[in-house]
Number of protein chains: 2
Amino acid sequence: MRASSPHEYSPLISKLESIFTLTEEEREALLSLPMQVAALKEDQDIVREGDRPSRCCLILSGLACAYKVTGDGRRQIVSFTVPGDIPDLQSLHLKVLDTSISTLTPCRVGFIQHEILHDLCRRHYRFAAAFWRETLVDAAIFREWTVNVGRREAYHRMAHVLCEMLMRLRAVGLAEDHACELPITQAEFGDALGVSTVHINRVLQALRSEGLIELKDEQLNILDWERLREVGDFDPTYLHLQREAPR
Amino acid sequence: MRASSPHEYSPLISKLESIFTLTEEEREALLSLPMQVAALKEDQDIVREGDRPSRCCLILSGLACAYKVTGDGRRQIVSFTVPGDIPDLQSLHLKVLDTSISTLTPCRVGFIQHEILHDLCRRHYRFAAAFWRETLVDAAIFREWTVNVGRREAYHRMAHVLCEMLMRLRAVGLAEDHACELPITQAEFGDALGVSTVHINRVLQALRSEGLIELKDEQLNILDWERLREVGDFDPTYLHLQREAPR
DNA sequence: CGTTTGGTTGAAATGTGTCAAACTTTGTGG
DNA sequence: CCACAAAGTTTGACACATTTCAACCAAACG
């Protein structure tokens, strides 16, 4: 664990910049936020359900996920994170965590104290609005996942998350037009989509044999974006990626 | 549509009061919020996916739901609302709505202009925090629903929502210890749980014959709360109902 | 009183889970 | 650098939860 250097904030800053233009003062304020940086291995819990954290975690690099475990020990991943996400930003206002957050790949994670963030939000309403907005986009993704899991068959479900991940990774500069690194195992996809690993395997084979995707060696290649979008019934509105007027 | 009288705000005020104590000034500020009140019939859309609303809707009485429709026309309800909820509070920071909101029963709904709420939040950070928190609790509910739909069988899923609804209604004074009005049809439960109406029917019969619940004439009676909780794998933590220290 | 809405039932079709085994790739220590 | 273990992927057969379809019933309603 070491302190942050200025460039560490770049995933967060570019994410905020993608929504509205930061003033010089705001950029300064962000860059001077004290943050503890840690490098984590894969499959490590960053925080756990039931924790009462005093800080938030900013994913600087790598993939992570938020998940819950049912009484009989089955895991449901409720969202994937991409760099620039703060998956436990909710803890700023909800004392007890109701989800765990775990790395899927090795990650660099920045920890920022709650008080620091509260100060920032109190001083600049635009930051409060920006962070609040982040949590609202998260919520929109949760809603879409409920729809995905509740009303689409596994084949379509899979197409849908692949579309989502590509768009989200592209938004933070981690994907080409129709390709990206996607180091997610079939078991993890299963936990995310509420489907058994075996079935995920079959569904992926179907998508491959239909000529929609290539997925091998942690590398996703979307061969027919238009048809994958249709199959996944994917409409990116819920990701709220468009630039909007500042508040 | 008519203007609000003071007592209209009571569902919202008691909800906020259940989280932290309002100062006299804050209570004043809330009561003086201009709000347009409308009485809606059942099964009416309040707002629709794709809308760009300039106001939020506060459910004053009745049940409503947020839902999305898939490309092939199947509806997924992503959450139920109870009085005091502001199901499109997200629209304060996300321009385009990604879900529709519809009444399930006749409802009284209050509309509050975005500017008014933004002003309030800017002037009193505690309100920003309180409303922000509301949206975070919503998000927690979405997450739990993903788990419910993704990892539990229909029988357990149903038990889970019944527990959730009882707790939420109790929190706003609309339920006894183990009973409440619950005017939700089996088709609506189906859309909420990602299950066909027919199967909802069978699952309800099972819950009834196990002696766990009575559900008839829009009246839910939980006969064995402890076992229903177990069957539904229900842990209310995610509802974040406990009183917390002010911010 | 007929019509609509919501609930109930049965039988057949099907998507998905489970189990168990084999295969492939990756990582690691000797 | 090989050998072995561990992790991830693939396959087939079978079980089962849930859907679909179609009909019927009961209560509410205008």
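Protein chains get the first letters and strands the later ones, always in sequence-line order, with residue 1 at the start of each.
The distance between atom CG of B/Leu215 and atom P of C/dG6, rounded to the nearest whole Å, is 14 Å. As rounded to whole Å, 11 Å separates atom C1' of C/dT5 from atom CG of B/Asp43. Rounded to a whole Å, the CD atom of A/Glu42 is 11 Å from the C1' atom of C/dT26. Atom NE2 in A/His199 sits about 15 Å away from atom C1' in D/dC14, given to the nearest Å. B/Ile200 places its CD1 atom 11 Å from the P atom of C/dG7, with the value rounded to the nearest Å. When the C1' atom of D/dG8 is taken as reference, atom CD of A/Glu218 falls 10 Å away, rounded to whole Å. Atom pair A/Leu182:CG and D/dT9:P shows a separation of 11 Å (rounding to whole Å applied).
Between A/Leu89 and A/Asp138, every side-chain heavy-atom pair lies at or beyond the 4.5 Å cut-off. Using a 4.5 Å cut-off on side-chain heavy atoms (C-beta onward), A/Phe111 and A/Ile46 make contact. When side chains are defined from C-beta on, B/Val172 does not count as touching B/Asp85, because their heavy atoms never get closer than 4.5 Å. A 4.5 Å side-chain heavy-atom check between B/Arg168 and B/Leu174 finds every atom pair outside the cut-off.
Formation of a donor-acceptor pair under 3.5 Å by the B/Thr105 side chain with backbone atoms of B/Gly62 is not found in this model. A/Thr103 places no side-chain N or O within 3.5 Å of a backbone atom of A/Ala64 that could act as its donor or acceptor partner. Judged by distance alone, with hydrogens and angles left aside, the side-chain atoms of B/Arg157 form a donor-acceptor pair with the main-chain N or O of B/Leu193 at under 3.5 Å.
A side chain to side chain contact (heavy atoms under 4.5 Å, CB included) with B/Met35 is found for exactly one of B/Leu58, B/Leu12, B/Val109, namely B/Leu58.
Within the structure, no pair that satisfies the salt bridge (Lys or Arg N to Asp or Glu O under 4.0 Å) test touches residues 171-189 of chain A, not counting sequence neighbours. Among pairs with a residue in residues 207-216 of chain B, none fulfils side-chain hydrogen bond (donor to acceptor under 3.5 Å, both in side chains), at least two apart in sequence or across chains.
Note on the helix from C/dT8-D/dA23 to C/dG30-D/dC1: angle between the axes of the first and last five pairs equals 40°, rounded to 10 degrees.
For DNA chain D, the neighbouring residues in residues 146-158 of chain B, judged by any heavy atom under 4.0 Å, are B/Glu153, B/Ala154. Of the residues in residues 187-195 of chain B, those placing a heavy atom less than 4.0 Å from an atom of DNA chain D are B/Gly194, B/Val195, in numerical order.
Look at A/Glu226 and A/Arg229 and you find a salt bridge, because one of the NZ, NE, NH1 or NH2 atoms lies within 4.0 Å of a carboxylate O, short of that distance.
Rounding to the nearest 0.5 Å gives a distance of 9.5 Å between CG of B/Leu182 and CD1 of B/Ile213. With rounding to the nearest 0.5 angstrom, the CD1 atom of A/Ile13 is 13.5 Å from the NZ atom of A/Lys15.
Taking B/His199 as the reference, B/Ala154, B/Val195, B/Ser196, B/Arg202, B/Val203 meet the side chain to side chain contact (heavy atoms under 4.5 Å, CB included) condition, with sequence neighbours excluded. In this structure B/Glu49 satisfies the salt bridge (Lys or Arg N to Asp or Glu O under 4.0 Å) test with no other residue, sequence neighbours excluded. Listed by chain and number, the residues in a side-chain hydrogen bond (donor to acceptor under 3.5 Å, both in side chains) with A/Lys68 are B/Glu144 (sequence neighbours excluded). Judged as a ring pair (Phe, Tyr, Trp, His ring centres under 6.0 Å), and not counting sequence neighbours, B/Phe189 has no contacts.
Checking the phosphate oxygens (OP1, OP2) of C/dT18, a side-chain nitrogen or oxygen of A/Arg74 falls inside 4.0 Å.
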With salt bridge (Lys or Arg N to Asp or Glu O under 4.0 Å) as the test, would you mind laying out the steps for B/Asp233 and B/Arg151 before giving the verdict? CA-CA 11 Å; B/Asp233 187 24; B/Arg151 291 279 126 160; over 6 Å; no

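Ring pair B/His160/B/Tyr238 is parallel by interplanar angle, where below 30° counts as parallel and above 60° as perpendicular.
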For nucleotides 23-25 of chain D, which of its nitrogen or oxygen atoms have a protein nitrogen or oxygen under 3.5 Å away, and what is each distance?
none

Under 3.5 Å, which N/O atoms of the protein pair with N/O atoms of nucleotides 26-30 of chain D?
none

N/O-N/O pairs, protein side and nucleotides 10-13 of chain D side, under 3.5 Å:
from	atom 1	to	atom 2	distance (Å)
D/dT10	OP2	A/Gln186	NE2	2.7
D/dT10	OP2	A/Asn201	ND2	2.7
D/dT10	OP2	A/Arg208	NH2	3.3
D/dT10	O5'	A/Asn201	ND2	3.2
D/dT11	OP2	A/Gln205	OE1	2.4
D/dT11	OP2	A/Gln205	NE2	2.8
D/dG12	N7	A/Arg202	NH1	3.3
D/dA13	N6	A/Arg202	NH2	3.2

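Counting non-hydrogen atoms under 4.0 angstrom, A/Ser196 reaches a base of the nucleic acid.
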